[in-house]
Protein chains: 2
Amino acid sequence: MLELAILGLLKEQDLHGYELKKRLTETTGVFASVSFGSLYPALARLQAAGAVKAVEANTSAAVLAAASVPVTGSLGAELAALRARRAIAKSMPSASTGRGRKVYGLTDIGEQLFTDLLAASESNGEDDRSFGLRLAFARYLPADLRLGLLERRRAQLVERLARTRTTMRAGRERIDAYTRSLMEHGTETTERDISWLDGLIAAERVHVTSQHNSPSHPPSSVQHH
Amino acid sequence: MLELAILGLLKEQDLHGYELKKRLTETTGVFASVSFGSLYPALARLQAAGAVKAVEANTSAAVLAAASVPVTGSLGAELAALRARRAIAKSMPSASTGRGRKVYGLTDIGEQLFTDLLAASESNGEDDRSFGLRLAFARYLPADLRLGLLERRRAQLVERLARTRTTMRAGRERIDAYTRSLMEHGTETTERDISWLDGLIAAERVHVTSQHNSPSHPPSSVQHH
DNA sequence: GATCCGTTATATCGAACCGATACGTCGAAC
DNA sequence: GTTCGACGTATCGGTTCGATATAACGGATC
């Protein structure tokens, strides 16, 4: 789960651990708290699996070297050098502060792993954060899988709603006022989530039926009935 | 965190593990999924700390036979006997590996531990589930601590709102449509959470200022909307 | 009446994850 | 001139999860 998030962020841009954590907590938002105690082991796992590699492993020395002599052929190193130059130009001190930072980048294996993890619908944990994370990377999914993700989530929320209502009817004398208020508020929140999903699904269907290009599949075949 | 939930449920009624899990997932609802892999170790910890004790062990005849002398020719009974001996060797009292249910109840230490955990405001994890769980047992809190719980939660949500808005303004070109929709929906949800909390806080204040409160008699009417 | 299957029930294992902490550099405030 | 906070990598102990094993029971199904 965390690995999917890391791969997704690295797909857009090479990043080091600290920045990765900031984006996971702040930008992606879905992770209320992802700690270094899980981030660094996850990075180590991904590196051991060959999904990511350390693209730039030092401070200004390596940056300057990459900037002056770009003979490595590494795309990530060139990008890092570009970013370092821009940072220096903006007199941003973060390029050379602190201890030696390790910038990670995706490999081909990592690209493939990202695609596999994102499209995995059967082996799903199916929790709330899983959906939020997948939606944040939904633009990398083909249109049909994207629609399936939204509809599966909708069905899941509808089922949760039904179970909650059953529980509230079943043990109504055991539930005190605070718990009941919590459950009712949760029910309303889930209902709003469902109608929000309905909006997304409707927009998705319009997009699917109006124009025929999905991101990775050419419109060679009509939809099957 | 899980220990607090267990203690709170056992405070109302003696329960065995399976029923405990059902109430944690269904009734309390806050825990989307609490697994046996965390429930049983938590129960063992609480038992080792003397906070709970096995009140009734409805052990079957096979378990008793395995614990004392394995007389049956059944393979399963012999395996059970092996495991029971190993458990006894680990000095675990009443380790019945049979299928008899073990009903747990609170001790005086457990009552005290529950009160301490519930009132702990400084060493808080402060995540979403923590608040929901505490609110579900808010009737056991004195009125001032209950109000503090609600106001701390409110302040937390307000801060989250501010941080999310800052993030959305800062990296607006980096955020794609799906992520933006997710963040906007999350913002609306948080705003509704805050106004829901305002209702609870108002009801709480009315109760505090209008009459003398006793911890064992929570307000009979909590506002829902 | 033997067999299959879902529910009730306890328990363990490996892997993942979290919070705290340590180690370390830098700029700014005081 | 030193404390303070930001950046930055890393590990440790303990908690939790998901999967799995074990086992007894009741009800279908053949």
Side-chain angles (χ1 to χ4, degrees), chain A residues 1-6 15-22 24-25 31-48 54 56-60 87 91-104 123-127 129-130, chain B residues 1-6 15-22 24-25 31-48 54 57-63 65-66 72 74-84 86-87 90 92 94-104 123-127 129-130:
Chain A
M1 205 73 280
L2 177 56
E3 306 188 354
L4 173 62
I6 292 173
L15 292 170
H16 55 95
Y18 197 84
E19 184 68 25
L20 216 37
K21 193 218 169 189
K22 280 208 304 188
L24 283 171
T25 58
F31 289 98
S33 73
V34 56
S35 61
F36 290 120
S38 48
L39 175 62
Y40 284 115
L43 272 174
R45 284 198 304 274
L46 288 172
Q47 195 173 13
E56 167 202 350
N58 207 350
T59 54
S60 52
S91 64
M92 221 174 113
S94 67
S96 62
T97 49
R99 225 160 65 177
R101 40 154 74 167
K102 283 202 271 189
V103 176
Y104 291 94
S123 69
N124 244 339
E126 297 292 358
D127 50 75
R129 296 174 319 189
S130 168
Chain B
M1 205 73 280
L2 177 56
E3 307 188 352
L4 173 63
I6 292 173
L15 293 170
H16 54 96
Y18 197 84
E19 184 68 25
L20 218 36
K21 193 217 170 189
K22 280 207 304 188
L24 283 171
T25 57
F31 289 98
S33 74
V34 57
S35 61
F36 290 120
S38 48
L39 176 61
Y40 283 116
L43 272 174
R45 284 197 305 273
L46 288 173
Q47 195 174 13
N58 191 9
T59 52
S60 64
V63 169
T72 72
S74 163
L75 190 72
E78 288 193 355
L79 283 176
L82 268 176
R83 248 176 285 110
R86 195 176 53 189
K90 283 184 178 177
M92 277 187 66
S94 77
S96 62
T97 47
R99 292 294 83 96
R101 43 155 68 168
K102 286 201 281 189
V103 177
Y104 291 95
S123 68
N124 246 339
E126 296 294 357
D127 50 73
R129 295 173 318 186
S130 169

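Letters go in sequence order (proteins before strands), and every chain restarts at 1.
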Take atom [atom1] of [X] and atom [atom2] of [N], then tell me their distance rounded to the nearest Å.
| X | N | atom1 | atom2 | answer |
| --- | --- | --- | --- | --- |
| L15(A) | dT9(D) | CG | P | 11 Å |
| E19(A) | dT9(D) | CD | P | 10 Å |
| L43(B) | dT15(D) | CG | P | 14 Å |
| K21(B) | dT7(C) | NZ | P | 13 Å |
| R45(A) | dT11(D) | CZ | P | 13 Å |
| F36(B) | dT22(D) | CZ | P | 17 Å |
| L2(A) | dG19(C) | CG | C1' | 15 Å |
| L24(B) | dT16(D) | CG | P | 11 Å |

Among [options], the nucleotide that comes nearest once only the side chain of [X] is considered:
| X | options | value |
| --- | --- | --- |
| Y18(B) | dA9(C), dG8(D), dT16(D) | dA9(C) |
| P41(B) | dG8(D), dT12(C), dT8(C) | dT12(C) |
| H16(A) | dA10(D), dT16(D), dG8(D) | dG8(D) |
| K22(A) | dC17(C), dC7(D), dT9(D) | dC7(D) |
| R101(B) | dT8(C), dT15(D), dT9(D) | dT8(C) |

Quiz item: So, do M1(A) and R129(A) sit near enough that their side-chain heavy atoms are less than 4.5 Å apart?
Solution: no
Quiz prompt | pair L24(A)-L2(A): side-chain heavy atoms closer than 4.5 Å | solution = yes
Practice problem: List for me each residue that meets side-chain contact (heavy atoms from CB on, under 4.5 Å) alongside F36(A), sequence neighbours excluded, and say none if there are none. | Solution: Y18(A), K21(A), L39(A), Y40(A)
Quiz item: Residues in side-chain contact (heavy atoms from CB on, under 4.5 Å) with Q47(A), at least two apart?
Solution: V52(A), A54(A), Y104(A)
Quiz item: Is G37(A) touching bases, backbone alone, or none of the nucleic acid, heavy atoms closer than 4.0 Å?
Solution: base
Is there a side-chain contact between [X] and the phosphate of [N], meaning an N or O under 4.0 Å from OP1 or OP2?
| X | N | result |
| --- | --- | --- |
| Y40(A) | dA10(D) | no |
| S35(B) | dT16(D) | no |
| K102(A) | dA10(D) | yes |

Self-check item: First encountered from the 5' end of DNA chain C, between S38(A) and G17(B)
Solution: G17(B)
Practice problem: Quick one: pull up CD1 in I6(A) and CG in L43(A) and give me the separation to the nearest 0.5 Å. | Solution: 4.5 Å
